[in-house]
Student: 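Sharing a structure here in structure tokens format.
Whatever order the structure lists them in is the order used to number ligands and atoms, beginning at 1. Reckoned from all heavy atoms, side chains included, excluding hydrogens, waters and symmetry mates.
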Amino acid sequence: MAELINGKVVSRHLRELIASDVLKFKEEYGITPGLAVILVGDDPASTVYVKNKHKACLEVGINSIEIHLPATVAEDVLISKIEELNTDAGVNGILVQLPLPKHICEERVINSIIPEKDVDAFHPINVGKLMLGKPDFIPCTPAGIMELLNYYSVEISGKECVVIGRSNIVGKPIAQLLLSKNGTVTVCHSRTKNLTESAKRADILVVAIGKPDFVNGDMIKPGAVVIDVGINRKEDGKLTGDVDFESVTEKAAYVTPVPGGVGPMTITMLLKNTLIAAKKQISKYFF
Ligand code: NAD
């Protein structure tokens, strides 16, 4: 039976560390780190995410600045708002909640956040720095996965790491991070042939595709570490991951549950990135 990787426990532990670090930072510099979160429109899921980010900021002593714009807002108005925040000394991190309404170009919006305040790490400069192995910020979900592996002392060096999914926010960056820890990394995606064959080789298997219960026990190696990033809502309203938890638990050494695995880590890493941003902006230690 696999051991559970408990994201709630790890997240709580890290938030305590972040809170005490925020306090030290305030005492030393007299500055409260600030995170601005922009929500465009009233999408229910996005509204909940933004609320949770706000609550998490307060919990660790980070100043949370919420900006709510109507779904009809013009792209240029949104970008002007971001430009204002770029030069606001009270704002160390800027996050635009995605997805944006269809009339707004996400790429243009992301690129308008200065890299020093891009705590989601989606700006091309930050993506490039991650590729070079010298990131200022690591995108939150992959950063959370690395923290989980670290907390449970999972050795990465020399291990077969297989990532299923190649999105810019999870698949590609987690592949890069595992590589930077000397894993032997394979990235699989919707056009991969013999996916099961690749998955079965994995000592560490990361699944981020958005397909409920896609990976089952027959697709994994006994003793594998299985990280389930997927968040899917079933017909009965319950959440499920991309991994069939029951069959995988029988064979894996470690597995993340959904909910309660990777999910709680993402916001925690956003808090960490905001604190990193505040520290770097003080020391001007960028570039
Ligand atoms: P995405 O939706 O942008 O892309 C899906 C990826 O999966 C693509 O690269 C595609 O090639 C691959 N894929 C799709 N079908 C496949 C198949 N049958 N076989 C192999 N590969 C296949 O991906 P995303 O944004 O990384 O999201 C993936 C999942 O992770 C979603 O369920 C999302 O909700 C979840 N997610 C969770 C968190 C979190 O905080 N826990 C954060 C981000 C995303």
Student: Return the residue, atom name and 0.1 Å-rounded distance of the protein heavy atom closest to atom 42 (C) of ligand 1.
Tutor: Thr141 OG1, 3.2 Å
Student: Quick check on Ala208 - does any of its heavy atoms sit under 4.0 Å from an atom of ligand 1?
Tutor: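 Right, Ala208 reaches ligand 1.
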Student: Considering non-hydrogen atoms of the protein only, which is the closest contact for atom 4 (O) of ligand 1, and what is the distance?
Tutor: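 The protein heavy atom lying closest is Ser167 CB, 4.2 Å.
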Student: Looking at atom 14 (C) of ligand 1, what's its closest protein heavy atom, distance included?
Tutor: Lys211 NZ, 3.7 Å
Student: How far is atom 44 (C) of ligand 1 from its nearest protein heavy atom, and which residue and atom is that?
Tutor: Val170 CG2, 4.0 Å
Student: Side chain, backbone, both or neither: which applies to Met265 and ligand 1 if a contact is any heavy-atom pair less than 4.0 Å apart?
Tutor: neither
Student: Can you tell me how far the NZ atom of Lys211 sits from the CG atom of Asp213, to the nearest 0.5 Å?
Tutor: 13.0 Å
Student: Please classify the Ile164 to ligand 1 contact at 4.0 Å (heavy-atom distances, strictly less than): side chain, backbone, both or neither.
Tutor: side chain
Student: Give, for atom CG of Leu270 and atom CG of Leu275, the distance between the pair rounded to the nearest 0.5 Å.
Tutor: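 The CG atom of Leu270 sits 11.5 Å away from the CG atom of Leu275.
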Student: Specify the protein heavy atom at minimum distance from atom 33 (C) of ligand 1: its residue, its atom name, and the distance to 0.1 Å.
Tutor: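 Sorting protein heavy atoms by distance from atom 33 (C) of ligand 1 puts Ile231 N, 4.2 Å first.
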Student: Suppose we measure from atom 40 (O) of ligand 1 to each protein heavy atom; which comes out shortest, and what is that distance?
Tutor: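 Residue, atom and distance for the closest contact: Thr266 OG1, 2.8 Å.
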Student: Verify side chain to side chain contact (heavy atoms under 4.5 Å, CB included) between Asp21 and Leu23, making sure each step is shown before the conclusion.
Tutor: CA-CA 5 Å; Asp21 232 16; Leu23 195 63; over 6 Å; no
Student: Numbering the atoms of ligand 1 from 1, which are under 4.0 Å from a heavy atom of Ile169?
Tutor: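 Close to Ile169: 25 (O), 43 (C).
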Student: So if I count the atoms of ligand 1 from 1 in the order they appear, which ones are less than 4.0 Å from some heavy atom of Asn232?
Tutor: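 In order of numbering, the contacting atoms are 32 (O).
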Student: Below 4.0 Å, non-hydrogen atoms only: which portion of Val229 touches ligand 1? Side chain, backbone, both or neither.
Tutor: both
Student: Around atom 11 (O) of ligand 1, find the nearest protein heavy atom and jot down its residue, atom name and distance.
Tutor: Ser190 N, 3.2 Å
Student: With heavy atoms of Phe214 as the reference, note each atom of ligand 1 found under 4.0 Å away.
Tutor: 17 (C), 18 (N), 19 (N)
Student: Determine, for Asp136 against Lys279, whether the closest basic-nitrogen to carboxylate-oxygen distance falls under 4.0 angstrom.
Tutor: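 Salt bridge flag = no for Lys279 with Asp136.
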Student: Report the C-alpha distance between Glu147 and Ser11 in whole Å, list the side-chain angles of each, state the deciding distance to 0.1 Å, and finish with yes or no for side chain to side chain contact (heavy atoms under 4.5 Å, CB included).
Tutor: CA-CA 9 Å; Glu147 291 281 0; Ser11 178; over 6 Å; no
Student: Do ligand 1 and Asp242 have nitrogen or oxygen atoms that lie under 3.5 Å from each other?
Tutor: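 Such a contact does not occur with ligand 1.
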Student: For atom 31 (C) of ligand 1, what is the nearest protein heavy atom, given as residue, atom name and distance?
Tutor: Gly210 CA, 3.6 Å
Student: Determine, using heavy atoms of Thr192 and all atoms of ligand 1, whether some pair is separated by less than 4.0 Å.
Tutor: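 It does not, in that no heavy atom of Thr192 comes within the 4.0 Å cut-off of ligand 1.
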Student: Rounded to the nearest 0.5 Å, how far does OG1 of Thr72 lie from NE2 of His103?
Tutor: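 Going from NE2 on His103 over to OG1 on Thr72, the span is 7.0 Å.
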Student: Tell me whether Glu27 is salt-bridged to Lys24, with the criterion being a basic N under 4.0 Å from an acidic carboxylate O.
Tutor: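 Result for this pair is no, no salt bridge flagged.
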Student: Mind checking whether Gly263 has a heavy atom under 4.0 Å from ligand 1?
Tutor: yes
Student: Quick one: look at Ile209 and ligand 1, take heavy-atom pairs under 4.0 Å, and tell me if it's side chain, backbone, both or neither.
Tutor: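 For Ile209, the contact with ligand 1 is made by both the backbone and the side chain.
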Student: Counting only heavy atoms not in Tyr152 (residues, nucleotides, ligands), do more than 12 fall under 6.0 Å from its OH?
Tutor: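 Enclosed.
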Student: From atom 27 (O) of ligand 1, is the closest protein heavy-atom distance below 4.0 Å?
Tutor: no
Student: Looking at side-chain heavy atoms only, is the closest gap between Leu98 and Glu106 below 4.5 Å?
Tutor: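 Result yes, sub-4.5 Å side-chain heavy-atom pair found.
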Student: Side-chain contact, heavy-atom cut-off 4.5 Å: Asp76 with Arg108?
Tutor: yes
Student: Could you check whether any side-chain heavy atom of Asn168 comes within less than 4.5 Å of a side-chain heavy atom of Val127, counting everything from C-beta outward?
Tutor: no
Student: So does Glu160 pair up with Lys221, basic N to acidic O under 4.0 Å?
Tutor: no
